Amino acid sequence: MTSQPRAERVLDAGALRALAHPLRVRFYDILSQYGPQTASSLAELTGESTGATSYHLRALARHDLIREVAGRGTARERWWERPAGMVTLTNPDMQNTPAGRAVMEAVQSETLTLRHQQLMHFAAHGWDEPEQWRDAAIISTATARLTAEQSRDLVRRIQALVDETITRYRDQTGEDVRPVTIRNDVFPLPTERGSA
């Protein structure tokens, strides 16, 4: 089965600036991982007020990072979702200015902080999961000596497998179905051993 290249949204400067807030990154992650939420449910999950939650949701919606769920909710309680699809947190046009890089670094830093917190929570509490879920998880690191082209090929093959899995199971529901985070980190190490 050959995988089609997936569409990727490159966030413009306005969208990246809108996302460059710790609470907004957290909301974006929750909507990505757990599906549609209301301002009230997000407030409950994060300990924030519904007023603050609503304010940040509107800021994300202004830049099409999230959208209101059509046909769900009321005038008083709106449901929000993250549109499906890949989003990149880097913008080549912004990489060349200090302000642009600062915005991208802020978004990436908060995103990676949340990922790390989730990983550490699993490392500390994964033993409490049922055996079937403990056996279905992996935390693994490996190192290979590759050329840039070999690394690109590895990234393409891993991404094709991830894309196939997401496409196949995106809307799956059922008694044993849970959100599962899929992490895909491939990057070069410093060339100097002392730099690591």
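The analysis underlying the following values was restricted to heavy atoms, covering all of them including side chains, and did not include hydrogens, waters or symmetry mates. Predicted model only: the values in this text are computed from it and were never measured.
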- Message: Testing Thr165, Asp171, Ile166 one by one against Tyr169 for a side-chain contact (heavy atoms from CB on, under 4.5 Å), which residue passes?
- Response: Thr165

Identify the two heavy atoms, one from [X] and one from [Y], that lie closest to each other, and give their separation to 0.1 Å.
X: Ala18; Y: Ala59; answer: CB-O, 4.0 Å
X: Gly85; Y: Arg170; answer: N-NH1, 4.4 Å
X: Ser151; Y: Val186; answer: OG-CG1, 3.6 Å
X: Asp12; Y: Met94; answer: C-SD, 4.4 Å
X: Pro83; Y: Arg67; answer: CB-NH1, 3.7 Å
X: Ser41; Y: Gln37; answer: OG-OE1, 2.7 Å

Distance-only donor-acceptor check, side chains [X] and [Y], under 3.5 Å:
X: Glu105; Y: Ser109; value: no
X: Glu77; Y: Ser40; value: yes
X: Gln118; Y: Arg183; value: yes
X: Gln159; Y: Asp163; value: yes

Calculate, to the nearest 0.5 Å, the distance between atoms [atom1] and [atom2] belonging to [X] and [Y] respectively.
X: Leu146; Y: Asp153; atom1: CG; atom2: CG; result: 9.5 Å
X: Arg156; Y: Ile158; atom1: CZ; atom2: CD1; result: 11.5 Å
X: Arg62; Y: Leu60; atom1: CZ; atom2: CG; result: 9.0 Å
X: Asp176; Y: Thr173; atom1: CG; atom2: OG1; result: 12.0 Å

- Let me see the working for Glu68 and Arg82 under salt bridge (charged side-chain N to carboxylate O under 4.0 Å, His left out), right down to the final yes or no. CA-CA 9 Å; Glu68 195 169 346; Arg82 181 198 177 279; over 6 Å; no

[Y] reachable from [X] in the ILVMFWY side-chain graph, under 4.5 Å edges:
X: Leu114; Y: Leu57; result: yes
X: Leu45; Y: Leu65; result: yes
X: Leu23; Y: Ile66; result: yes
X: Leu31; Y: Tyr34; result: yes
X: Leu89; Y: Val10; result: no

- Message: Check the orientation of Phe27 and His56. Use parallel for under 30°, tilted for 30 to 60°, and perpendicular for over 60°.
- Response: perpendicular

- Task: Test Val87 against Tyr28 for side-chain contact (heavy atoms from CB on, under 4.5 Å), laying out the working first.
- Result: CA-CA 11 Å; Val87 173; Tyr28 194 70; 3.3 Å; yes

Heavy-atom check, side chain of [X] versus side chain of [Y], under 4.5 Å:
X: Met86; Y: Arg9; value: no
X: Trp133; Y: Val180; value: yes
X: Thr88; Y: Leu11; value: no
X: Leu112; Y: His116; value: no
X: Thr38; Y: Thr53; value: no
X: Thr147; Y: Arg152; value: no
X: Arg24; Y: Tyr55; value: yes
X: Thr90; Y: Gln108; value: yes

- For atom CD of Glu131, is the number of surrounding heavy atoms from other residues, nucleotides or ligands below 6.0 Å larger than 12? no

- Message: Are more than 12 heavy atoms, taken from residues, nucleotides or ligands other than Arg101, located less than 6.0 Å from that residue's CZ atom?
- Response: no

- Query: Run the salt bridge (charged side-chain N to carboxylate O under 4.0 Å, His left out) check on Glu129 and Arg178 step by step: do they pass?
  - Reply: CA-CA 12 Å; Glu129 291 287 346; Arg178 291 173 60 176; 2.6 Å; yes

- Task: Step by step, work out the side-chain contact (heavy atoms from CB on, under 4.5 Å) result for Leu16 and Met104.
- Result: CA-CA 7 Å; Leu16 280 166; Met104 289 187 300; 3.9 Å; yes

- Message: Test side-chain contact (heavy atoms from CB on, under 4.5 Å) on Leu189 and Phe187; report intermediate values, then the result.
- Response: CA-CA 7 Å; Leu189 296 172; Phe187 56 89; 4.2 Å; yes

- Task: Verify side-chain contact (heavy atoms from CB on, under 4.5 Å) between Arg115 and Asp185, making sure each step is shown before the conclusion.
- Result: CA-CA 12 Å; Arg115 284 185 187 176; Asp185 299 322; 4.2 Å; yes

- Before accepting this row, confirm whether a basic side-chain N of the pair Glu164/Arg157 lies closer than 4.0 Å to the acidic partner's carboxylate O. no

- Query: With a cut-off of under 6.0 Å to the ring centre and 45° to the axis, is Arg134 in cation-pi contact with Trp127?
  - Reply: no

